[in-house]
Amino acid sequence: MNARRLGFIIAFVACVGLGYWLARSAVPEVAQKPAAPIEHKQPTKLADFESFPKTKVAPRNINAGGDPAARESGALEGERVLIFKDAAGMARFLERAAGKLRIISRLDALRALRVGFADLADLERLLDGSENESFIFPVAIPGLPEGGVQAGAVALGGGVLEWLGIDGDRGTWGKGVIVAVLDTGVSTHEAFRGQIRSLELVAMPENLADWNGHGTAVASLIAGDDGLTPGVAPGAEIFSIRVADDAGNSNSFVLAEGIVKAVDAGAKVINISMGSFGDSAIMRDAIAYADKRGVLLIAAVGNNGIDRVTYPAAYDSVIAVGAVDARGEHLDFSNSGSAVDLAAPGYGVNAAWSDNEAARVSGTSFSAPIVSGAVAALMSQKNISARQAYNLLSANLNDGGAPGNDKALGGGMQDVGRALQSDEPGIYDAAVASQRVLSVDASNPNGQVEVVVQNRGTEMLVNTAVKVSVGGMSTTSNLSTLAPNAIATLRVPVHQDWNGATGGLRIESSAQISGGIVDIKPSNDRRIEIHGQAPSN
């Protein structure tokens, strides 16, 4: 492996707290890989590769009147998608439109045309009412928003496999599974074991030095195969479809075309680390096309830090992935909402980059491919379909944050090790899943601490002792029984006014299995946090 590959890029410095992430014109700084594990520095700035400028596709002035309907909807001006009931209807329209309208692209599998016009009236005169006319929306690689990452967030670095509960040889993981990466394209890289199959729906840059490495980073988290930038399923075949330019921009028609191309090429998992706030008819049809053929779509929820999930993650049949840090804490930039299905690491994660280099990346863009890789791994290891693999993963999620399903983490965080061992008897694992300080109320003027304990083993837990210490005052509770995968929630009142106190409020929780039974993972039996300060173990 050459020295350049081992370089660790630090670029696109982000201003955490106010403002947007700095523009992409920042010059990367390459440093030699140290012998020790890469250190993630936690000052007020963060090296981050989810930091494209908040690019928006500017609506075009198509004529004096413009295209106000598209403009008001945030869609591309001067363009529409026409979806026909049958091929004959599409052919008739093309005959009528010959020489009168610009046919930008066609997608025969969905009986769809992308048309451009100088005057909307020109288009309307050609319609007979049988077509479904809809907008084309900008789609983009998400940039990190104002606020960025909360203080105390912990970077993952190269620890993705350990975080997922993976050890041992994973050389065959993903073998026989084609995973399509719809992104900026995937470059040749030493991190990949096999040849990357590629298709460009968007032109490559004239100068390959300008090639955006976002797609390469995404693919490496699925199928990377080295110690610096490990992926989950190195045996998977990556089918790279370039649907975005090097500013991170695409649109709903091109993305829909990429989905159809991926399905037709035999992909069983499609990763989309892009998003839009436009609900697109052509995207819905493309997703239905994939779903009907047993192809699983996995997408990032977006980095706007709001209670709204971007499309296509927001569609029902698409798996919507949010981001957490190395401790499993929801990251401020990760969008929330009822559409969120699960969460994966998305802060300071080691990944490959273009030009055979490496980077530390942050954003929901990089949480989604960790899930895609896990699905591919389970497909090969269990000889099951993509949907069955996801269902197995989903049935063995680690809870976090608020108890049960919530808008931030969905059903929880994936644990590939648990999923693989879910049918093995004799596994005992009591975990302190989360602890939170709740708001004050009439009965608790200083608030309460909520502690969630989860049984992450395969056997019933009996008489599990849970000790919770809040500000130095301890209470012990007994969980008489806790079924596999079940959670128990305890609430302990805070007895002193800690708000503004020096050092914050120290909270420590632990779970102890009774009867001398050995806990398979003692590292998750105990949790310590200083509320109001950076968390610590």
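Only heavy atoms go into these numbers, but all of them, side chains included; no hydrogens, no water, no symmetry mates. Along the sequence shown, residues carry numbers from 1.
Taking Asp441 as the reference, Asn444 meet the side-chain hydrogen bond (donor to acceptor under 3.5 Å, both in side chains) condition, with sequence neighbours excluded. Judged as a side-chain hydrogen bond (donor to acceptor under 3.5 Å, both in side chains), and not counting sequence neighbours, the contacts of Asn478 are Asn463. Qualifying salt bridge (Lys or Arg N to Asp or Glu O under 4.0 Å) partners for Lys521, counting only residues two or more places apart in sequence or in other chains: none. Thr475 meets the side-chain hydrogen bond (donor to acceptor under 3.5 Å, both in side chains) test with no other residue; sequence neighbours excluded.
The backbone N or O of Asp332 lies less than 3.5 Å from a partner atom in the side chain of Gln150, making a donor-acceptor pair. Using modelled atom types, one side-chain atom of Thr184 and one backbone atom of Asn212 make a donor-acceptor pair closer than 3.5 Å. No side-chain donor-acceptor contact under 3.5 Å links Thr364 to the backbone of Ala300. Without hydrogens or angle criteria, Asp399 side chain to Gly404 main chain gives a donor-acceptor distance under 3.5 Å. Formation of a donor-acceptor pair under 3.5 Å by the Arg193 side chain with backbone atoms of Gly171 is found in this model.
Residues Tyr390 and Ile298 are not in side-chain contact: their nearest non-hydrogen atoms beyond the backbone lie 4.5 Å or more apart. Trp173 has its side chain within reach of Val416: a pair of non-hydrogen atoms, C-beta onward, lies under 4.5 Å apart. Using a 4.5 Å heavy-atom threshold, the side chains of Val453 and Ile487 count as separate. Side-chain contact check for Leu461 versus Tyr428: some heavy-atom pair is nearer than 4.5 Å. Under the 4.5 Å side-chain criterion, counting only non-hydrogen atoms from C-beta, Ser510 is not in contact with Asp525. The shortest side-chain heavy-atom distance between Leu392 and Ser422 falls under the 4.5 Å cut-off. For the pair Val139 and Met283, the minimum side-chain heavy-atom distance is 4.5 Å or more. Annotation: side chain of Leu297 is in contact with side chain of Ile259 (closest heavy-atom distance under 4.5 Å).
For residues 312-322, the side chain to side chain donor-acceptor pair (under 3.5 Å) pairs, not counting sequence neighbours, are Asp279-Tyr315.
Between Lys407 and Asp307 there is a salt bridge, since a side-chain N of the basic residue sits under 4.0 Å from a carboxylate O of the acidic one. Looking at Lys467 and Glu508, no side-chain N of the basic residue comes within less than 4.0 Å of a carboxylate O on the acidic one, giving no salt bridge.
Residues Arg418 and Asn398 have side chains that bring a donor and an acceptor to within less than 3.5 angstrom of each other. Side-chain contact check for His189 and Thr216: no donor-acceptor pair (N or O, by modelled atom type) lies under 3.5 Å. Using a 3.5 Å distance cut-off with no hydrogens or angles, the side chains of Thr229 and Asp226 do pair a donor with an acceptor.
For the atom pair Lys175 NZ and Gln381 CD, the distance stands at 11.0 Å (nearest 0.5 Å). One finds the CG atom of Leu393 at 6.5 Å from the CG atom of Leu342 (value rounded to the nearest 0.5 Å).
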Without placing hydrogens or testing angles, list every side-chain donor-acceptor pair under 3.5 Å for residues 372-379, not counting sequence neighbours.
| unit_1 | atom_1 | unit_2 | atom_2 | d |
| --- | --- | --- | --- | --- |
| Ser372 | OG | Asn271 | OD1 | 2.8 |
| Ser372 | OG | Ala368 | O | 3.4 |

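Contact record, Asn335 with Thr310: ND2-CG2, 4.0 Å, taken as the closest heavy-atom pair.
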task = Report the C-alpha separation of Trp163 and Asp415 in whole Å, then their side-chain angles, then the decisive distance to 0.1 Å, and conclude whether the side-chain contact (heavy atoms from CB on, under 4.5 Å) test is met.
result = CA-CA 8 Å; Trp163 196 94; Asp415 188 324; over 6 Å; no
Worked verdict on His214 versus Ser365 for side chain to side chain donor-acceptor pair (under 3.5 Å) = CA-CA 9 Å; His214 188 273; Ser365 279; 3.0 Å; yes
